[in-house]
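Just follow the structure's listing: the first ligand is 1, and inside any ligand the first atom is 1. Nothing fancy with the numbering, it's 1 onward along the sequence.
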Amino acid sequence: MLDRLDRREVKIAVLGLGYVGLPLATIFAESGFEVTGIDPDVRKVEAINRGESYIQDVPGEQVARLLESGRLRGTTEFSAIRETDAVSICVPTPLRKTGDPDLSYILTATDDLAKYMHSGMVIVLESTTYPGTTREILLPKLSEASGLVVGEDFFLAFSPERVDPGRTDWTTYNTPKVIGGITPECSKLAAAWYRQALETVVPVSSTEVAEMAKLLENTFRMINIGLVNEMAIMCDKLGIDVWEVIDAAATKPFGFMKFTPGPGLGGHCIPIDPLYLSWKLRTLNYSARFIDLASEINTNMPRYVVGRVQDALNEVCKPLKASKVLVVGAAYKPDIDDLRESPALDVIGLLRQKGAEVSYHDPYIPRIRHEDWGLDSVDDLYEQASQADCVVIITDHQVYDYARLLASAELIVDTRNALKLNRNQEPKVVRL
Ligand SMILES: NC(=O)c1ccc[n+]([C@@H]2O[C@H](COP(=O)([O-])OP(=O)(O)OC[C@H]3O[C@@H](n4cnc5c(N)ncnc54)[C@H](O)[C@@H]3O)[C@@H](O)[C@H]2O)c1
């Protein structure tokens with residue numbers, strides 16, 4: 001296997017061609033491997049086979065070039081696994097409505113993989129999940145279906161994806177990649193494969209350590225965001241400018257890391273992954289208290305923001321009901337087109353529940369189709385801002401002209417300090 005890796009004779013399959021899978025597939029292809037991306041979503045597969053990208057971080061020209069070179073192709077056929085030697089699994093790991101982990105995508109992908117796997121194969125799970133998943137769920141399924149022995153006939157590992165969509169300094173290629181195998185031989189082969197394509201590989205002693213490392217990273221972020229959100233609430237009660245406090249604290253050259261408050265958590269990782277960990281601990285009769293507390297504070301932030309909008313309107317003698325509220329920015333973070341778990345969805349939903357006439361603008365999200373409602377992004381942001389009773393800045397995209405927004409609007413609730421004003425500097429602006 002090691003010699004074949006060096007000679008780029010190993011053929012790779014990536015299962016799941018989303019935000020994680022497509023960038024990974026292109027990196028493997030860039031480093032000279034022949035890569036087959038497998039996804040049941042025919043639109044994604046067809047896009048790749050036309051040489052087009054649907055992920056902001058992956059340029060269309062790159063997909064076209066790799067397709068042309070014969071090193072990247074897409075298919076919906078899982079039987080293509082038969083022709084490959086190494087498989088990365090990048091399928092979704094959402095939560096069920098009950099808040100419990102939804103492993104159905106991992107289970108289906110593993111069953112499909114098990115049908116076509118063969119001796120000598122290296123398999124790496126990339127999807128974020130609770131510690132124990134690779135050993136407790138994937139290993140028995142793969143071993144039983146194939147009759148192969150792990151560490152001898154096939155090699156299984158976990159390597160958490162750490163991509164931060166929209167980021168250009170740290171990408172899938174140069175962000176160090178933690179990897180841990182079921183056995184030492186599994187770690188060795190999986191790390192050898194990933195080293196061929198990625199800048200830095202960090203081997204750890206087990207799949208559980210690799211799984212837990214990812215959850216520590218995301219839980220760390222979630223808890224610190226919860227802390228700074230509560231700081232914002234406390235500072236407001238005390239009449240202190242939380243943004244000035246944060247900037248002052250951030251001058252400390254050691255022992256402090258800057259986090260900023262906002263309207264709530266978003267994206268596919270931070271709001272979800274720590275709940276995989278707390279769920280696993282609940283099965284062991286242990287309550288993950290930090291996670292529960294931070295989750296409660298963060299989940300309540302959209303409600304807090306709507307309260308601030310209601311209070312701001314009240315100050316100008318307007319009820320929230322029937323007021324025109326324009327939400328500015330819907331993506332879960334600036335400069336990207338990802339709406340998943342965005343707090344904008346909750347803020348809009350709550351404003352609508354209270355009878356506000358809500359519209360939104362986002363240059364990256366032309367329409368929102370929620371379970372209970374649907375909206376199209378308004379065309380002329382500044383014109384709409386001038387007609388709104390209140391503008392609520394949820395996502396601070398760089399493309400916005402904030403001076404013009406400030407000049408256009410009658411009343412603004414700024415949840416991101418996008419306007420960069422001091423507390424009470426501008427009477428028509430309310431800040432978190
Ligand atoms: N998006 C991120 O920034 C990010 C960062 C780090 C880790 N992760 C983790 O990576 C995993 C994938 O996330 P994503 O953002 O790429 O999700 P995604 O929804 O963008 O992509 C997942 C893809 O898997 C496909 N799929 C579903 N079932 C499949 C199956 N049985 N076989 C093959 N493909 C299947 C879907 O059609 C979809 O195209 C998740 O566990 C997530 O938590 C995501």
Decide whether T110 and K141 meet the rule of one side-chain donor and one side-chain acceptor closer than 3.5 Å.
no

Pick one of side chain, backbone, both or neither for how [X] approaches ligand 1, counting any non-hydrogen atom pair under 4.0 Å.
| X | value |
| --- | --- |
| C269 | side chain |
| R167 | neither |
| C90 | backbone |
| I38 | backbone |

By side-chain contact (heavy atoms from CB on, under 4.5 Å) - contacts of R43 (at least two apart)
D41

Per-atom contacts, ligand 1 versus [X] - under 4.0 Å to a heavy atom:
| X | value |
| --- | --- |
| K44 | 38 (C), 39 (O) |
| K214 | 6 (C), 7 (C) |
| P92 | 19 (O), 22 (C), 24 (O), 27 (C) |

Between R308 and D414 (salt bridge meaning N to carboxylate O under 4.0 Å), is one present in this structure?
no

Students should be able to answer this: which protein heavy-atom is nearest to atom 15 (O) of ligand 1, and at what distance?
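For this ligand atom, the closest protein heavy atom is R340 NH2, 3.1 Å.
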
Assign the ring pair Y400 / H361 to parallel, tilted or perpendicular, where the plane angle (0 to 90°) is split at 30° and 60°.
tilted

Ring geometry between Y194 and F28 (parallel below 30°, tilted from 30 to 60°, perpendicular above 60°):
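Geometry flag for Y194 against F28: perpendicular rings.
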
Return each pair, listed once, that meets ring-ring contact (aromatic ring centres under 6.0 Å, His included) where at least one residue sits in residues 49-83; pairs must be two or more places apart or across chains.
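ring-ring contact (aromatic ring centres under 6.0 Å, His included) check on residues 49-83 returns no pairs.
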
